[in-house]
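Have a look at the structure below, then the notes.
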Number of protein chains: 2
Amino acid sequence: MQAPLFDPDKPRDRLLAAAARLFRRQGYAATTVREIGAEVGILSGSLFHHVRSKEEMLFAVMERVIAAMLADLRAELSRAEGGEARLRALIAVELTYLHGPAADATAVLFHEWRALSADRQAVLLDGRGAYFALWDQVLAEAGGAMDPAVLRQFLHGALAWTSFWYRPGGALDLDGLTAQALALVQGAALPLR
Amino acid sequence: MQAPLFDPDKPRDRLLAAAARLFRRQGYAATTVREIGAEVGILSGSLFHHVRSKEEMLFAVMERVIAAMLADLRAELSRAEGGEARLRALIAVELTYLHGPAADATAVLFHEWRALSADRQAVLLDGRGAYFALWDQVLAEAGGAMDPAVLRQFLHGALAWTSFWYRPGGALDLDGLTAQALALVQGAALPLR
DNA sequence: AAGACAACCAAGCGCTTGCTTGGGGTGTCG
DNA sequence: CGACACCCCAAGCAAGCGCTTGGTTGTCTT
């Protein structure tokens with residue numbers, strides 16, 4: 001994890017952080033620009049001094065997460081040696097984003113994708129593609145019997161879903177959760193038949 | 001799978017089926033009652049002859065899926081003999097609902113939960129609880145090393161996420177997908193360390 | 001034949017939505 | 001001191017929202 005996604009000193013960033021928080025809690029469509037304004041202490045009209053439209057906020061939030069996740073995953077993978085370490089890096093980066101300081105923005109990226117217009121989805125597709133290409137590479141290296149693409153979808157789904165039930169600070173910390181996910185994919189979930 | 005969730009002969013059921021379709025495609029908040037009316041060929045006002053409010057449609061859709069899934073899972077489990085068969089039943093029922101005739105309603109249940117008011121969420125909690133109690137029971141019987149609650153969340157997340165990428169009719173059919181999920185949870189994803 | 005009922009239309013109500021406009025206060029820098 | 005961004009408010013617009021109203025059809029029952 002490098003620099004935080006949003007700089008509290010920049011008004012526009014404070015706005016985006018607030019938008020991410022509300023988009024996550026209520027969903028994009030159910031969140032009004034008046035609520036976002038209130039969250040940072042300005043009126044809804046003043047909000048458009050920093051941003052061209054409501055959707056631009058959604059786009060900006062997603063754009064930043066994608067770029068940051070991709071950079072972080074690349075850094076972690078270049079540092080990791082051995083198949084298990086690389087696999088752990090995959091999971092750790094995803095879970096760190098989902099439950100660390102960037103939790104709101106990451107949850108929005110994963111769960112509000114369809115709220116974004118098709119044009120803007122297309123702009124972000126390159127970044128998403130590069131990110132998952134790294135996944136496929138690591139999973140293929142691991143050389144399991146399962147189709148890497150299917151395994152990637154299963155794993156990504158299982159991790160993305162944690163944002164609905166897992167809360168850090170409980171009995172299970174982030175490292176523990178990472179270990180559990182690693183165990184799942186390494187085949188330690190249930191005893192072999 | 002017993003009787004279909006919605007009876008095409010009943011106008012109210014046709015409405016609910018259309019609502020489920022649109023809620024799934026666009027999300028609950030982003031769907032208007034005018035669109036739902038148009039989907040069945042009536043005006044938006046006439047819609048309220050069958051239903052008290054827009055949210056009642058969401059509730060009705062979810063209620064039916066929960067009841068049907070619970071009944072089907074109970075039936076399948078009572079028919080299954082042995083740990084692996086019971087495990088497969090868990091996965092098969094979930095995937096059948098997610099990608100069979102009830103796909104729209106099931107996706108809505110899984111992905112639009114927070115759009116439902118807290119009061120109505122509470123009404124449905126019993127059914128959800130009973131359903132997942134069966135999961136925990138089967139997973140505990142399987143006797144793996146992983147915490148059954150965490151494993152349940154991982155598995156449920158991985159399966160629920162299939163509604164974003166899996167489409168029946170391709171190279172991988174539903175039985176194949178079920179087998180892959182079973183393999184994941186049985187530890188055949190990657191070779192052991 | 002008459003009544004009852006379900007199903008729908010046409011019109012529109014009150015309210016909220018995303019966004020625009022015009023203007024004013026505050027600080028920085030030449 | 002004046003100029004110039006920057007940031008924000010006050011007010012409001014057009015469009016769309018969920019939902020209500022009063023009334024018209026066609027079908028079925030008695």
Side-chain angles (χ1 to χ4, degrees), chain A residues 6-63 104 108 112-121 123, chain B residues 6-63 108 112-121:
Chain A
F6 304 107
D7 181 352
D9 290 338
K10 297 179 181 170
R12 189 187 142 103
D13 275 30
R14 256 180 286 133
L15 203 63
L16 294 180
R21 213 175 313 144
L22 291 174
F23 289 166
R24 180 197 186 175
R25 196 181 312 157
Q26 316 175 352
Y28 172 78
T31 301
T32 72
V33 296
R34 282 167 237 266
E35 288 174 311
I36 301 174
E39 189 84 359
V40 298
I42 64 175
L43 289 185
S44 72
S46 314
L47 189 152
F48 291 91
H49 177 71
H50 305 277
V51 133
R52 217 177 301 266
S53 71
K54 179 188 172 188
E55 202 200 316
E56 188 182 291
M57 294 192 252
L58 180 64
F59 177 79
V61 166
M62 291 184 169
E63 193 181 28
D104 293 331
V108 167
E112 297 291 335
W113 180 256
R114 69 174 167 196
L116 203 64
S117 68
D119 311 346
R120 288 200 154 109
Q121 280 185 16
V123 178
Chain B
F6 303 107
D7 182 353
D9 289 338
K10 297 180 182 171
R12 190 186 140 102
D13 276 29
R14 257 181 285 133
L15 204 62
L16 294 181
R21 213 174 313 141
L22 292 173
F23 289 165
R24 179 197 187 175
R25 195 181 312 156
Q26 316 175 352
Y28 172 78
T31 301
T32 72
V33 295
R34 282 166 237 265
E35 287 175 311
I36 301 174
E39 188 84 0
V40 298
I42 65 175
L43 288 185
S44 71
S46 313
L47 188 151
F48 292 91
H49 178 71
H50 305 277
V51 131
R52 214 177 304 266
S53 70
K54 179 187 171 186
E55 200 200 316
E56 189 182 291
M57 292 192 253
L58 180 63
F59 177 80
V61 166
M62 291 184 170
E63 192 181 28
V108 167
E112 297 291 334
W113 179 256
R114 68 175 167 193
L116 203 64
S117 68
D119 311 347
R120 287 197 155 112
Q121 280 185 18

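For clarity, every value in this text was computed on a predicted model and none was experimentally measured.
With rounding to whole Å, A/Glu35 atom CD is found 13 Å from C/dG18 atom C1'. Here the C1' atom of nucleotide C/dC19 and the NZ atom of A/Lys54 are 12 Å apart, to the nearest Å. For the pair A/Asp9 CG and D/dC7 P, the computed distance is 12 Å after rounding to whole Å. Nucleotide D/dC17 holds its P atom 13 Å from the OH atom of B/Tyr28, rounded to whole Å. Atoms CZ (A/Arg52) and P (C/dT21) sit 14 Å apart, rounded to a whole Å. Atom CG of B/Leu47 is separated from atom P of D/dG18 by 10 Å (rounded to the nearest Å).
In this structure, B/Ala29 and A/Ala29 approach most closely via the heavy-atom pair CB-CB, 3.6 Å. Scanning both residues, B/Gln121 and B/Leu116, for their nearest heavy atoms gives NE2-O, 3.1 Å. Closest non-hydrogen pair, B/Leu47 versus B/Gly37, comes out as CD1-N, 3.7 Å.
Applying the 3.5 Å distance criterion, the base of C/dC19 shares no donor-acceptor pair with the side chain of A/Ser53. For D/dG16, the base has no donor-acceptor partner in the side chain of B/Arg34 [N/O atoms by modelled type, under 3.5 angstrom].
Comparing C/dG18, D/dC19, D/dG18 by their closest approach to the side chain of B/Thr32 singles out D/dG18.
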Contacts table for residues 19-27 of chain B: side-chain donor-acceptor under 3.5 angstrom, sequence neighbours left out:
unit_1	atom_1	unit_2	atom_2	d
B/Arg21	NH1	B/Glu39	OE2	2.6
B/Arg24	NH1	B/Asp104	OD1	3.0
B/Gln26	OE1	B/Thr31	OG1	3.4

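Residues that satisfy the salt bridge (Lys or Arg N to Asp or Glu O under 4.0 Å) test with A/Glu112, not counting sequence neighbours, are B/Arg114. For A/Val40, the side-chain contact (heavy atoms from CB on, under 4.5 Å) partners two or more places apart in sequence, or in a different chain, are A/Leu15, A/Ala18, A/Ile42. Taking the side-chain hydrogen bond (donor to acceptor under 3.5 Å, both in side chains) definition, one finds that A/Arg34 meets it with nothing, sequence neighbours left out.
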Please tabulate, one pair per line, each protein N/O and nucleotide N/O from nucleotides 4-8 of chain C that are separated by under 3.5 Å, including the distance.
unit_1	atom_1	unit_2	atom_2	d
C/dA7	N7	B/His49	NE2	3.4
C/dC8	OP2	B/His50	NE2	2.9

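Within the structure, salt bridge (charged side-chain N to carboxylate O under 4.0 Å, His left out) contacts touching residues 43-56 of chain A (residues at least two apart or in different chains) are A/Arg12-A/Glu56, A/Arg52-A/Glu56, A/Glu55-A/Arg120. Listed by first and then second residue, the ring pair (Phe, Tyr, Trp, His ring centres under 6.0 Å) pairs involving residues 33-55 of chain A amount to none (not counting sequence neighbours).
Proximity of residues 15-26 of chain A to DNA chain C (heavy atom under 4.0 angstrom from any strand atom) is not detected for any residue.
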